[in-house]
Amino acid sequence: MNRAINYLAVAVTGAFMWSCAPQARFFNVDVKHNAEKEIGLEDSKAAVFPVFPSGMPDSLLICNAGIGLAEKLEKDRGLLSGEIPVYCVPQAEFKGFGDDHFTSDPDREYMHGILDQTGADILIFVDNLSFENFVNRSYGLAGEDYAIGYALLPFTIDMHIYDTGTDRLLYSKFETDTVYLQMPESSGQDLSYYKGMTVKYLPEVSKKIGEKLASYLTPQWETQERMLITYEGEKNWDEPYDLAQDFKWKEAIDSWMPLTRSENPKKAAFAAYNIAVGCEMLEQFDLAEKWIQFSLKKFRFREAYELKNHLDQLGKTGRP
């Protein structure tokens with residue numbers, strides 16, 4: 001699990017506000033999630049090919065998805081804008097995978113024809129963008145004549161990546177998800193209002209869908225919050241916290257270790273909790289799980305359960 005750690009301003013939670021209270025101090029950690037299928041572009045040239053059906057609105061939406069995909073790939077890979085071109089292909093003219101499109105073997109002659117025309121050897125096709133019936137809701141303060149409305153918009157889209165160098169299909173993704181659309185609402189708006197507003201946002205939504213497809217092809221970073229607990233003004237607590245601020249996690253863990261033998265069960269639990277956080281930062285996940293279990297045996301508190309659930313989830317999904 002690759003991490004970049006940035007400390008934030010000190011904060012104190014209500015759970016720790018009593019005399020000589022422990023202080024909860026938060027920091028951000030940027031966690032790297034590996035690509036579902038990382039496509040090597042170092043020695044290749046990629047291009048995106050949205051395959052659009054007849055009809056102007058549908059063609060605009062799938063082409064926007066292709067643009068979003070290409071732009072995010074460029075950003076994530078540090079490429080120049082426009083380095084991954086987008087070519088919209090009419091569905092009636094697309095012969096790459098036969099009449100049933102992506103369910104049959106690819107037509108190599110057609111694929112190499114695209115290579116000859118575009119110079120791209122990694123061909124990324126997006127197809128079959130479909131929006132299902134949306135669900136609309138609204139919420140607001142009682143007695144107010146203004147509220148916020150939102151729509152839940154399910155969608156499906158397909159992505160297929162073909163390598164002309166090896167003449168094989170590298171990856172297929174059949175994406176099904178739901179977009180959350182928030183929109184202003186005045187009281188008394190009917191269903192036609194939501195339909196109109198949803199249609200208005202579809203081009204932008206389609207581009208975001210393309211960006212999501214691109215996120216499967218390159219590592220992504222997610223900012224998560226972590227917490228340490230210290231007793232301000234107590235040297236044996238201040239020192240390991242200062243070490244942690246300097247990213248000296250091993251030294252901090254060594255300093256917290258004697259505190260886990262405190263006769264005060266809360267202090268022992270908080271020290272063990274800090275050690276579990278430090279072990280996670282060092283990617284020692286098995287040790288982190290043991291220390292959080294020790295912490296909960298000494299004293300049960302919400303943040304420890306949250307960390308335990310997080311570590312349990314990592315164990316189920318596989319270590320990053």
Novice: Can any side-chain N or O of Thr260 pair as donor or acceptor with the backbone N or O of Met257 at less than 3.5 Å?
Specialist: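 The answer is yes, because a donor-acceptor pair under 3.5 Å joins these two groups.
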Novice: Kindly indicate whether a cation-pi arrangement holds for Lys266 with Phe299, taking the cut-offs as under 6.0 Å to the six-membered ring centre and within 45° of the axis.
Specialist: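 Lys266 over Phe299 ring: yes.
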Novice: Identify each donor-acceptor pair in which a side-chain atom of residues 113-124 lies under 3.5 Å from a protein atom, sequence neighbours left out, and give them as a table.
Specialist:
unit_1: Thr118; atom_1: OG1; unit_2: Ile114; atom_2: O; d: 2.8
unit_1: Thr118; atom_1: OG1; unit_2: Ala120; atom_2: N; d: 3.2
unit_1: Asp121; atom_1: OD1; unit_2: Lys45; atom_2: N; d: 2.9

Novice: Return the orientation label for the Phe294 and Trp291 ring planes: parallel under 30°, perpendicular over 60°, tilted otherwise.
Specialist: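 Answer is perpendicular, since the angle exceeds 60°.
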Novice: Any chain of hydrophobic side-chain contacts (each under 4.5 Å) joining Leu296 to Leu228?
Specialist: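 No; tracing contacts between hydrophobic side chains, which count when under 4.5 Å, never links both residues.
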Novice: Quick one: sort the Phe155 and Phe131 rings into parallel, tilted or perpendicular, breaks at 30° and 60°.
Specialist: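 It falls in the tilted class, 30° to 60°.
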Novice: Using a strict 4.0 Å threshold on nitrogen-to-oxygen distance, state whether Glu289 and Lys308 make a salt bridge.
Specialist: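 Salt bridge between Glu289 and Lys308, a charged N being under 4.0 Å from a carboxylate O: no.
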Novice: Ile292, Leu287: one ILVMFWY side-chain cluster at the under-4.5 Å cut-off?
Specialist: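 Not linked; separate clusters.
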Novice: Looking at Arg302 and Glu306, is any side-chain nitrogen of the basic one under 4.0 Å from a carboxylate oxygen of the acidic one?
Specialist: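 Result for this pair is yes, salt bridge flagged.
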Novice: Is a salt bridge present between Arg226 and Glu303, judged by a nitrogen-to-oxygen distance below 4.0 Å?
Specialist: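 Salt bridge between Arg226 and Glu303, a charged N being under 4.0 Å from a carboxylate O: no.
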Novice: For residues Asp76 and Gln220, is any side-chain donor paired with an opposing acceptor at under 3.5 Å?
Specialist: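 Per modelled atom types, Asp76 and Gln220 side chains form a pair under 3.5 Å.
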Novice: Look at Glu204 together with Lys207 and state whether they make a salt bridge at an N to O cut-off of under 4.0 Å.
Specialist: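 Not counted as a salt bridge, because no side-chain N and carboxylate O are separated by less than 4.0 Å.
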Novice: Would you say the side-chain atoms of Ser255 pair up with the backbone N or O of Glu251, donor to acceptor, closer than 3.5 Å?
Specialist: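 Such a contact is found between Ser255 side chain and Glu251 backbone.
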Novice: Should the pair Lys250-Asp254 be classified as a salt bridge under the 4.0 Å nitrogen-to-oxygen rule?
Specialist: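 Judged by the 4.0 Å cut-off on N to carboxylate O distance, Lys250 and Asp254 do form a salt bridge.
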Novice: Quick check: do Tyr231 and Gln23 have side-chain heavy atoms less than 4.5 Å from each other?
Specialist: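 The answer is no; the side chains never approach within 4.5 Å.
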Novice: Checking ring pair (Phe, Tyr, Trp, His ring centres under 6.0 Å) against Tyr110, which of Phe125, Phe94, Phe49 comes through?
Specialist: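 Among the candidates, only Phe94 passes.
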Novice: Under the 6.0 Å and 45° cation-pi test, does Arg25 pair with Tyr241?
Specialist: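 Yes, Arg25 and Tyr241 form such a contact.
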Novice: Can a donor-acceptor pair be found between the side chains of Ser172 and His160 at a distance below 3.5 Å?
Specialist: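 His160 and Ser172 do have a side-chain donor-acceptor pair below 3.5 Å.
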Novice: Distance only, no hydrogens: is a donor on one side chain within 3.5 Å (strictly under) of an acceptor on the other, for Thr223 and Asp30?
Specialist: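 Checked: Thr223/Asp30 side chains pair up, N/O donor to acceptor below 3.5 Å.
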Novice: Below 30° counts as parallel, above 60° as perpendicular, anything between as tilted: where do the rings of Trp249 and Trp256 land?
Specialist: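 Plane angle between 30° and 60°, so tilted.
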Novice: Tyr216 and Glu175: side-chain donor and acceptor closer than 3.5 Å?
Specialist: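 Their side chains do contain a donor-acceptor pair, which is all the 3.5 Å distance test asks for.
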